[in-house]
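If you're wondering where the values come from, they're calculated on a predicted model, not measured in any experiment. Quick note: numbers below take in every heavy atom, side chains included, and nothing from hydrogens, waters or symmetry partners.
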Amino acid sequence: MKTKLSLLSAALLGTSLMVMPAVSQAAIPLAVDGQELPSLAPMLEKTTPAVVAVAVSGTHVSKQRLPDAFRYFFGPNAPREQVQERPFKGLGSGVIIDAKKGYIVTNNHVIDGADEILIGLHDGREIEAKLIGTDAESDVALLQIEAKNLVALKRADSDELKVGDFAVAIGNPFGLGQTVTSGIVSAMGRSGLGIEMLENFIQTDAAINSGNSGGALVNLNGELIGINTAIVAPGGGNVGIGFAIPANMVNNLVDQLIEHGEVRRGVLGVSGRDLDSELAQGFGLDSQHGGFVNEVMPDSAADKAGIKAGDIIISVNGKPIKSFQELRAKIGTMGAGAKVKLGLIRDGDEKTVTAVLGEANQQTETAAGAVHPMLAGATLENNKKGVEITEIAQGSPAAASGLLKGDIIVGVNRTRIEDLKELKAELKEQHGAVALKLLRGNNSLYLVLR
């Protein structure tokens, strides 16, 4: 097994590191007037064994449609597409959350497409992992290993975090091995970044680099507050802006992955937008935080709870929210059937309602928005010809894109799609503008989503 995991002891391929002279430890005072200086070492001695290195290998398969003229030269039975296979290897990090059962949380993008996943433990053991389940929309994956004497991290209530709280990042940057950095919580509820479909990030200035993905963000008690997932890196290196998935979101997703092997996403059944200064002024509100409800889907969880168009949702289970995107992320990581208390403002008065989340299906607006942000507001349903838009909310991103009720999506760029699953998978592979091929009545046309 160790020969297969030489990856864990090597730096990432293609990465060059500049090694600077280290400061002699003898020059660093360990005590003042006989008193020990404050140190994170005692906490880290207990927590670092719970953070692991994740090495993956697999094969990327890419398909390229061949020109129609190709068949004129090689006959009607010639292939319509060219398939290329390219082997890959990668490194990341993970966090042990259950020592008895061997459960490890990491990012979906760390293990996506991997044929083999190997775990490097703090004590030097190297063990092959089994994939339990993933959620690409929130970028969470759950692994499992069989091993004794594991150490797990206790998970904190991430809803209690405040800007300015100290944070410590633990991971495996650049394949160097376990590394610890420290900083503070710089912001909460970051969304609208375009990193994931569901975003409600903790922002931190603790240094996070390539290979830290899936590692732990902990508080000074050594409790897990988040899973490190992304950085802002204009020049390719750390600039003090990193993002982690809150522990409470991870808890909701992990519970579903353990029980079902997949995420059975809960649905509230509303479309909306962030509350901005213009809306706040129009409604006579002092606050500019919350999610404005444009539309409530008939017979949805929101409809049954009494939520109405024009309501402004300001809290979820007693915790304030800043935006509609944050509302989507919190609801989207709760399972179907979950009860959620929503604080809202209606006609200037605050009230609380309780909703029992429905189950995501192929006909919900939430699913449409998760497929692509510019499809939000559309109701999608599988059709014999492709994916039909059966309803579309006025003023929604989908309507602004030029989509109409009755349109049938039959392709993405040059790729034919048959159903919502294929549409979602194809759009996931695209970056930047994409062209949807539509059937509109008797006509065929392309519509560009940006």
Pairwise distance [atom1]([X]) to [atom2]([Y]) - rounded to 0.5 angstrom:
{"X": "Asp255", "Y": "His260", "atom1": "CG", "atom2": "NE2", "answer": "9.5 Å"}
{"X": "Ile231", "Y": "Asn212", "atom1": "CD1", "atom2": "CG", "answer": "8.5 Å"}
{"X": "Glu116", "Y": "Leu131", "atom1": "CD", "atom2": "CG", "answer": "13.5 Å"}
{"X": "Leu268", "Y": "Ile331", "atom1": "CG", "atom2": "CD1", "answer": "5.0 Å"}
{"X": "Leu445", "Y": "Leu438", "atom1": "CG", "atom2": "CG", "answer": "5.0 Å"}

Answer yes if the side chains of Ser271 and Asn294 hold a donor-acceptor pair under 3.5 Å, and no otherwise.
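Checked: Ser271/Asn294 side chains show no N/O donor-acceptor pair below 3.5 Å.
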Using distance alone, with no hydrogens and no angle criterion, decide if Asp159 and Asn248 have a side-chain donor and acceptor under 3.5 Å apart.
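The answer is yes; a qualifying pair exists.
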Taking only residues two or more places apart in sequence or in another chain, which ones pass side-chain hydrogen bond (donor to acceptor under 3.5 Å, both in side chains) with [X]?
{"X": "Gln144", "answer": "none"}
{"X": "Glu388", "answer": "Asn383"}
{"X": "Asp135", "answer": "Ser138, Arg265"}
{"X": "Ser323", "answer": "Ser191"}

Could you report the tightest heavy-atom contact between [X] and [Y], atom names first, then the distance?
{"X": "Gly214", "Y": "Val95", "answer": "O-CG2, 3.6 Å"}
{"X": "Ile225", "Y": "Ile202", "answer": "O-CD1, 3.3 Å"}
{"X": "Leu220", "Y": "Met43", "answer": "O-CG, 3.6 Å"}
{"X": "Ala156", "Y": "Ala247", "answer": "O-CB, 3.8 Å"}
{"X": "Leu436", "Y": "Leu427", "answer": "CD2-CD2, 4.4 Å"}
{"X": "Leu91", "Y": "Ala55", "answer": "CD2-CB, 3.9 Å"}

Using only atom types and a distance under 3.5 Å, with no angle test, would you say the side chain of [X] pairs donor to acceptor with the backbone of [Y]?
{"X": "Gln178", "Y": "Val51", "value": "yes"}
{"X": "Asp303", "Y": "Pro298", "value": "no"}
{"X": "Ser93", "Y": "Gly211", "value": "yes"}
{"X": "Gln256", "Y": "Arg264", "value": "yes"}
{"X": "Glu422", "Y": "Glu418", "value": "yes"}
{"X": "Asp165", "Y": "Lys162", "value": "yes"}
{"X": "Asn108", "Y": "Ala141", "value": "no"}
{"X": "Asp205", "Y": "Ile184", "value": "yes"}
{"X": "Thr134", "Y": "Ala136", "value": "no"}
{"X": "Ser210", "Y": "Phe174", "value": "no"}

Is there a side-chain contact between [X] and [Y], using heavy atoms and a 4.5 Å cut-off?
{"X": "Leu121", "Y": "Ile96", "result": "yes"}
{"X": "Leu224", "Y": "Leu217", "result": "no"}
{"X": "Leu449", "Y": "Leu375", "result": "yes"}
{"X": "Leu153", "Y": "Ile97", "result": "no"}
{"X": "Leu342", "Y": "Ile307", "result": "yes"}
{"X": "Ile227", "Y": "Thr106", "result": "no"}
{"X": "Thr333", "Y": "Asn251", "result": "no"}
{"X": "Ile313", "Y": "Val293", "result": "yes"}

Any pair with a residue in [range] that passes ring-ring contact (aromatic ring centres under 6.0 Å, His included), sequence neighbours left out, goes on the list, sorted by first then second residue, please.
{"range": "residues 200-227", "value": "Phe201-Phe243"}
{"range": "residues 131-160", "value": "none"}
{"range": "residues 93-144", "value": "none"}

Going by ring pair (Phe, Tyr, Trp, His ring centres under 6.0 Å), name the residues that satisfy it together with Tyr446, two or more places apart in sequence or in a different chain.
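Tyr446 satisfies ring pair (Phe, Tyr, Trp, His ring centres under 6.0 Å) with no other residue.
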Is the count of non-hydrogen atoms from other residues, nucleotides or ligands lying under 6.0 Å from [X] atom [atom1] greater than 12?
{"X": "Glu262", "atom1": "CD", "answer": "yes"}
{"X": "Asp299", "atom1": "CG", "answer": "no"}
{"X": "Lys437", "atom1": "NZ", "answer": "no"}

Identify, with sequence neighbours excluded, every residue that meets salt bridge (Lys or Arg N to Asp or Glu O under 4.0 Å) alongside Asp98.
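Asp98 satisfies salt bridge (Lys or Arg N to Asp or Glu O under 4.0 Å) with no other residue.
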Name all pairs fulfilling the salt bridge (Lys or Arg N to Asp or Glu O under 4.0 Å) condition that reach into residues 211-227, sequence neighbours left out, sorted by first residue then second.
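Passing the test, one end in residues 211-227: Lys154-Glu223.
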Inter- and intrachain pairs under salt bridge (Lys or Arg N to Asp or Glu O under 4.0 Å), touching residues 399-413, at least two apart
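Qualifying pairs: Glu391-Lys405, Asp407-Arg440.
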Salt-bridged, Lys319 to Glu160, with N to O below 4.0 Å?
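Between Glu160 and Lys319 there is a salt bridge, with a charged N closer than 4.0 Å to a carboxylate O.
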Ile145: which of Ile117, Leu118, Val52, Ile119 passes side-chain contact (heavy atoms from CB on, under 4.5 Å)
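The option that passes is Ile119.
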With side chain to side chain contact (heavy atoms under 4.5 Å, CB included) as the criterion, how do Leu423 and Val412 come out once you've worked through the C-alpha distance, each side chain's angles and the decisive distance to 0.1 Å?
CA-CA 7 Å; Leu423 174 64; Val412 176; 3.6 Å; yes
Sequence neighbours excluded - side chain to side chain donor-acceptor pair (under 3.5 Å) pairs with any residue from residues 342-355
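Residue pairs with at least one partner in residues 342-355: Asp311-Arg346.
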Under the criterion side chain to side chain contact (heavy atoms under 4.5 Å, CB included), I'd like the reasoning laid out for Leu161 against Met188: C-alpha separation, chi angles, the key distance, then a yes or no.
CA-CA 8 Å; Leu161 285 176; Met188 295 291 298; 4.0 Å; yes
Glu137 and Lys424: salt bridge (charged side-chain N to carboxylate O under 4.0 Å, His left out), yes or no, with the steps?
CA-CA 11 Å; Glu137 293 180 16; Lys424 182 177 177 180; 2.8 Å; yes
Which is it for Arg328 and Glu326 under the salt bridge (charged side-chain N to carboxylate O under 4.0 Å, His left out) test, yes or no, and what are the steps along the way?
CA-CA 5 Å; Arg328 282 190 66 242; Glu326 185 177 351; over 6 Å; no
